[in-house]
Amino acid sequence: MWSKPLLSACLAIVAAATPAAAATVRITVTKLTFEPAQVTAHVGDTIEWVNADFLAHSATDRKKQWDLFIAPSKKAQVALKQSGEIDYYCRFHPNMVGHISVVAP
Amino acid sequence: MHWKSIAMALLACGLGCAPAAAQGAKPNDAQIAHIAYTAGQIDIDAAQLALKKSKSKEVRAFAEDMLRDHKAVNEKALALVKKLKVTPQDNDTSKSLVKQAKDKQAELQKLDGAAFDKAYTANEVAFHKTVNGALESTLIPSAANAELKDLLGTGLKIFEGHQQHAEHVLADLK
């Protein structure tokens with residue numbers, strides 16, 4: 001059997017050698033809030049909003065790069081193509097705001 | 001301006017000074033449900049009028065949003081009162097809301113084009129402000145049932161969003 005430190009070391013090497021795989025960052029839309037309201041993601045990642053409300057919402061980029069309609073109990077996604085700071089809001093309820101920090105992969 | 005005085009009148013004499021509140025009587029859950037549902041229906045009717053009369057893309061989109069959201073909230077409210085076996089009870093606040101809305105509808109009916117768009121949108125700002133004030137100061141604190149209180153709380157957030165949305169549309173119309 002492998003000793004615990006050896007196993008940990010192997011796992012650490014595997015983790016270090018694997019390039020950062022594209023991940024999906026999930027944001028829940030519930031009771032008129034984006035949760036979490038602030039997220040950090042990498043270029044290549046996908047942001048997925050899951051609408052847990054009984055109302056339709058939107059996730060709308062303030063710089064108008066994208067504008068997603070999210071029907072009640074549905075999901076919507078956007079792929080992050082470049083690094084930067086993104087402020088977004090819901091067009092129907094502008095009191096709902098969120099922020100995504102996109103960093104290099 | 002005319003719409004401003006109407007808005008002020010609505011604010012001054014909205015839910016806040018409706019008879020039930022004026023007498024200091026705390027509305028019960030059946031009355032609260034009726035008031036909330038009535039306010040929603042008033043905004044649905046206003047949106048339907050806007051869709052009939054307005055040619056502005058932004059105003060029409062806003063009216064569609066109001067229709068969709070207020071229908072969804074009222075369906076939720078109906079499902080809740082059914083679950084709680086509460087029969088919504090008409091009351092002086094609801095009656096005064098309906099009366100004011102009727103007068104407003106008659107006034108809006110006479111307007112067309114940009115004048116209608118401005119008056120409708122300004123009234124949406126004022127109406128949501130009034131309802132939000134009533135939710136915060138009277139309806140939410142008075143609600144006894146936790147689920148009703150919770151739905152009213154969500155309603156307040158929704159309608160605060162509508163108020164901001166209406167303010168943006170109004171600013172774009174000027």
Does Tyr120(B) belong to the same Ile/Leu/Val/Met/Phe/Trp/Tyr cluster as Val131(B), with side-chain heavy atoms less than 4.5 Å apart forming each link? no
Measuring heavy-atom distances to chain A, does Asp69(B) have an atom under 4.5 Å in its side chain, in its backbone, in both, or in neither? both
Once rounded to the nearest 0.5 Å, what's the spacing between atom CZ of Phe159(B) and atom CG of Leu32(A)? 9.5 Å
From Arg91(A) CZ over to His165(B) NE2, what is the distance, rounded to the nearest 0.5 angstrom? 7.5 Å
Following the transitive rule for hydrophobic clusters with a side-chain heavy-atom cut-off under 4.5 Å over Ile, Leu, Val, Met, Phe, Trp and Tyr, establish whether Leu80(A) and Tyr89(A) coincide in one cluster. no
Which heavy-atom pair separates Pro94(A) from Gly161(B) by the least distance, and what is that distance? CD-O, 3.1 Å
Please say whether more than 12 non-hydrogen atoms of neighbouring residues, nucleotides or ligands are located less than 6.0 Å from CD in Glu85(A). yes
Heavy-atom proximity to chain A below 4.5 Å, by part of Leu156(B): neither
Please tell me if the side chains of Lys31(A) and Asp150(B) come closer than 4.5 Å, counting only heavy atoms from C-beta onward. yes
If hydrophobic clusters are built by linking Ile, Leu, Val, Met, Phe, Trp and Tyr wherever their side-chain heavy atoms come under 4.5 Å apart, do Leu152(B) and Val86(B) end up in the same one? yes
Enter the distance from Lys71(B):NZ to Leu55(A):CG here, rounded to the nearest 0.5 Å. 14.0 Å
Determine, using the 4.5 Å side-chain heavy-atom cutoff (strictly less than), whether Trp49(A) and Val39(A) are members of one ILVMFWY cluster. yes
State whether the number of non-hydrogen atoms from other residues, nucleotides or ligands found under 6.0 Å of Lys149(B) atom NZ is greater than 12. yes
Same cluster or not: Leu78(B) versus Leu135(B), using hydrophobic residues (I, L, V, M, F, W, Y) connected whenever any side-chain heavy atoms lie under 4.5 Å apart? yes
Side chain to side chain, Phe92(A) and Arg68(B), heavy atoms closer than 4.5 Å: yes
Euclidean distance, Lys157(B) NZ relative to Asp53(A) CG, rounded to 0.5 Å: 8.5 Å
To the nearest 0.5 Å, how far apart are CE in Met96(A) and CD1 in Ile158(B)? 9.5 Å
